[in-house]
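Residues take their numbers from the sequence shown, with the count starting at 1. Because the structure is predicted, anything quoted here is derived from the model rather than measured. Note: hydrogens, waters and symmetry copies are ignored here, and every other heavy atom, side chains too, is used.
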Amino acid sequence: FVQVGVGRVYTVPAPNMLSRVASGGALFGRNCFRLCASPGSSTRHLKQFAKLSGGARGVGVTLHTGVSVLSTPVKCSGWNIPTLLKLSAPKQNICRLAQLRQTTTAAGVASAARQVPPYAQKVVGSWLLISAGMVFGAVAIGGLTRLTESGLSMVDWHLIKGMKPPRTQKEWEDYFNMYKESPQWKYQNREMTVQEFKFIFYMEWFHRMWGRSIGIVYLLPAAYFLRKGWITKAMKPRVAAFGGLLVFQGLLGWFMVKSGLEEPGDDIPRVSQYRLAAHLGSAFLLYVGLLWTGLLHVLPRQKLEMTKQIRQLSKFAHGTMALVFFTALSGAFVAGLDAGLVYNSYPKFGDRWIPDDLFTFDPKWKNIFENTTTVQFNHRILGTTTATAILSLWVWSRRLKLTPRANLALHCLAGMSVLQISLGISTLLMYVPTWLASTHQMGSLTLLSFAVWLATELKKLPK
């Protein structure tokens with residue numbers, strides 16, 4: 001690329017090239033362009049146009065297509081006067097010019113004009129983190145609702161009507177009579193009074209109201225931010241996916257409750273462990289997505305040299321995050337089958353290292369999901385494997401140079417893994433007390449949170 005002098009124009013051929021021009025990413029094909037250097041322009045920055053990169057830095061760039069003049073602003077330190085970028089194109093090629101006009105307008109002008117300011121990114125990130133926190137709360141409330149056997153107290157579902165709890169004695173009697181038709185009352189709670197019914201009813205009602213509150217906290221700001229242009233084009237599919245998953249989560253919750261309102265085959269009314277695992281798993285997925293995206297918006301990226309060892313550590317961290325997720329998911333099967341009450345000893349199963357009733361069901365695959373002994377055995381193995389993987393990750397990372405935040409995330413992850421496995425063992429040995437079982441469940445989500453945080457810290461910086 002030749003030296004560009006003030007006021008001079010040079011033609012630079014660009015055959016066989018489809019490249020980005022200016023910050024908006026407008027695409028141009030086999031052609032050439034001419035640079036017209038304005039007084040005061042920086043030669044160092046003008047040279048960047050040799051690769052048709054556009055530099056993503058400059059006060060302004062004007063594109064002349066021969067039919068119309070299109071302008072798009074770009075930011076460039078040290079440029080006080082706009083620089084002209086003239087595209088040479090055959091005037092008779094109307095189709096090509098129309099394509100250039102459409103591409104430049106959509107990708108260049110619109111994208112640059114709607115660039116999200118930093119403070120708006122912080123606001124959007126904070127909104128996502130608040131939504132993630134509310135999902136965390138929903139999981140905690142849902143766990144307590146299940147542990148107190150309150151989830152089957154409301155035998156119908158109405159989006160608006162269900163928001164109003166009973167107030168008069170007659171209304172309470174009507175709701176209690178509806179509950180008396182459920183298998184839970186027939187087989188478990190025939191001695192329950194209206195006053196006792198109020199407790200389990202309010203537990204389930206509060207859980208449902210919390211879920212509706214998440215919808216309001218997420219959907220209303222999402223509409224506002226979209227209108228303000230604070231949601232980037234790349235973020236829009238993700239925001240829509242989170243909204244869809246939130247609605248799906250509510251429907252899945254009622255689908256799960258319905259399974260517990262059917263006549264049980266073993267005189268023990270309970271929700272399907274499959275539906276419970278799906279309900280909990282979708283909540284965890286929604287939480288991870290909101291937390292991941294929120295952290296990327298809020299936390300400033302720290303420079304991390306992506307060596308081969310760092311890339312391997314990042315892959316290991318992502319694998320560990322997946323292990324935490326599937327271990328928590330296996331816990332849903334333990335909860336759904338009350339498998340925590342089968343062998344209340346550790347590390348042995350009674351007096352054996354491997355129980356002899358692992359594969360008593362036919363076909364054999366059913367044991368993984370329906371045999372209480374196998375379900376507890378699998379959860380123990382997964383928990384031990386996850387804790388070992390996390391501690392190994394921590395030991396390995398001691399040899400590498402990480403950013404302060406990445407180091408902090410690793411320390412938190414390692415410490416929480418030790419606490420979580422201690423909570424699990426204590427829950428087992430103490431015959432699953434409600435407060436301890438709930439703490440253990442929240443520990444799994446906290447552990448997953450630290451794993452997500454670490455994965456975002458080890459994410460490769462965009463160029």
Side-chain angles (χ1 to χ4, degrees), residues 139-140 142-152 184 187-188 256 259-260 264-281 284 323-391 416-448:
V139 174
L144 283 172
T145 303
R146 178 190 55 78
L147 288 166
T148 55
E149 299 182 344
S150 306
L152 301 178
Q184 189 180 56
Y187 295 102
Q188 282 185 292
M256 177 192 69
S259 67
D266 55 0
D267 292 341
I268 303 176
R270 58 162 64 100
V271 298
S272 164
Q273 70 271 23
Y274 296 103
R275 299 185 191 184
L276 176 62
H279 187 49
L280 183 66
F284 273 40
L323 261 178
V324 174
F325 177 86
F326 285 112
T327 302
L329 201 61
S330 73
F333 286 92
V334 175
L337 293 171
D338 290 328
L341 299 173
V342 180
Y343 287 98
N344 296 97
S345 58
Y346 189 87
K348 290 185 177 182
F349 292 81
D351 58 349
R352 303 173 66 93
W353 285 103
I354 299 178
D356 54 4
D357 55 344
L358 281 177
F359 299 102
T360 57
F361 290 9
D362 286 316
K364 297 301 182 184
W365 65 266
K366 280 194 171 183
N367 289 277
I368 300 174
F369 306 107
E370 299 180 11
N371 186 334
T372 54
T373 300
T374 311
V375 166
Q376 189 192 116
F377 180 83
N378 290 340
H379 189 59
R380 287 197 196 191
I381 296 300
L382 278 171
T384 305
T385 303
T386 302
T388 303
I390 291 173
L391 294 177
M416 190 63 214
S417 68
V418 175
L419 177 59
Q420 176 66 357
I421 202 165
S422 302
L423 287 171
I425 295 171
S426 301
T427 303
L428 188 69
L429 297 178
M430 296 176 66
Y431 292 86
V432 197
T434 299
W435 67 271
L436 191 54
S438 178
T439 305
H440 181 53
Q441 181 179 347
M442 289 303 93
S444 67
L445 197 51
T446 304
L447 188 65
L448 184 60

S.K.: Is there side-chain contact between Met442 and Val139, with heavy atoms separated by less than 4.5 Å?
M.R.: yes

S.K.: Is any side-chain heavy atom of Ile390 less than 4.5 Å from a side-chain heavy atom of Leu447?
M.R.: yes

S.K.: To the nearest 0.5 Å, what is the distance between CG (Leu280) and CD (Gln441)?
M.R.: 6.0 Å

S.K.: Which pair of heavy atoms, one from Gln188 and one from Pro269, lies closest together, and at what distance?
M.R.: OE1-CG, 3.4 Å

S.K.: Nearest 0.5 Å, what's the CG-CG distance between Leu323 and Leu448?
M.R.: 11.5 Å

S.K.: Within 45° of the ring axis of Phe349 and under 6.0 Å from its six-membered ring centre, is that where the NZ or CZ of Arg380 lies?
M.R.: yes

S.K.: Return the minimal non-hydrogen interatomic distance between Gly350 and Ser345, and the atom names on each side.
M.R.: N-OG, 2.9 Å

S.K.: Enter the distance from His379:NE2 to Thr384:OG1 here, rounded to the nearest 0.5 Å.
M.R.: 9.5 Å

S.K.: So do Ser417 and Leu391 actually touch side chain to side chain, heavy atoms under 4.5 Å?
M.R.: yes

S.K.: Is the closest side-chain donor-acceptor distance between Asn378 and Ser330 under 3.5 Å?
M.R.: no

S.K.: Let me check something: any side-chain donor-acceptor pairs from residues 272-279 under 3.5 Å, sequence neighbours excluded? List them with distances.
M.R.:
{"from": "Ser272", "atom 1": "OG", "to": "Tyr274", "atom 2": "N", "distance (Å)": "3.2"}
{"from": "Ser272", "atom 1": "OG", "to": "Arg275", "atom 2": "N", "distance (Å)": "3.4"}
{"from": "Gln273", "atom 1": "NE2", "to": "Phe369", "atom 2": "O", "distance (Å)": "3.1"}
{"from": "Tyr274", "atom 1": "OH", "to": "Glu370", "atom 2": "OE2", "distance (Å)": "2.8"}
{"from": "Arg275", "atom 1": "NH1", "to": "Phe255", "atom 2": "O", "distance (Å)": "2.7"}
{"from": "His279", "atom 1": "ND1", "to": "Gln249", "atom 2": "NE2", "distance (Å)": "3.2"}

S.K.: Any side-chain heavy-atom pair from Phe284 and Leu329 closer than 4.5 angstrom?
M.R.: no

S.K.: Taking C-beta and beyond as the side chain, do Leu358 and Asn367 meet within less than 4.5 Å on heavy atoms?
M.R.: no

S.K.: Once you round to the nearest 0.5 Å, how far does CZ of Phe377 lie from CG of Leu382?
M.R.: 10.0 Å

S.K.: Please confirm whether the backbone N or O of Thr434 pairs with a side-chain atom of Ser438, one donor and one acceptor, at under 3.5 Å?
M.R.: no

S.K.: Less than 4.5 Å apart, side chain to side chain, heavy atoms only: is that true for Met256 and Arg146?
M.R.: no

S.K.: Short question: side chain of Asn344, backbone of Leu428 - any donor-acceptor pair under 3.5 Å?
M.R.: yes

S.K.: Hey, what do you get for OH (Tyr343) to CG (Asp351), rounding to the nearest 0.5 Å?
M.R.: 9.0 Å

S.K.: Between CD1 of Ile421 and NE2 of His440, what distance do you get to the nearest 0.5 Å?
M.R.: 9.0 Å

S.K.: Give a yes or no on whether the backbone of Asp357 and the side-chain of Asn371 come within a donor-acceptor separation of less than 3.5 Å.
M.R.: yes

S.K.: Applying side chain to side chain contact (heavy atoms under 4.5 Å, CB included), run through Val271 and Leu152 and close with a yes or a no.
M.R.: CA-CA 9 Å; Val271 298; Leu152 301 178; 3.9 Å; yes

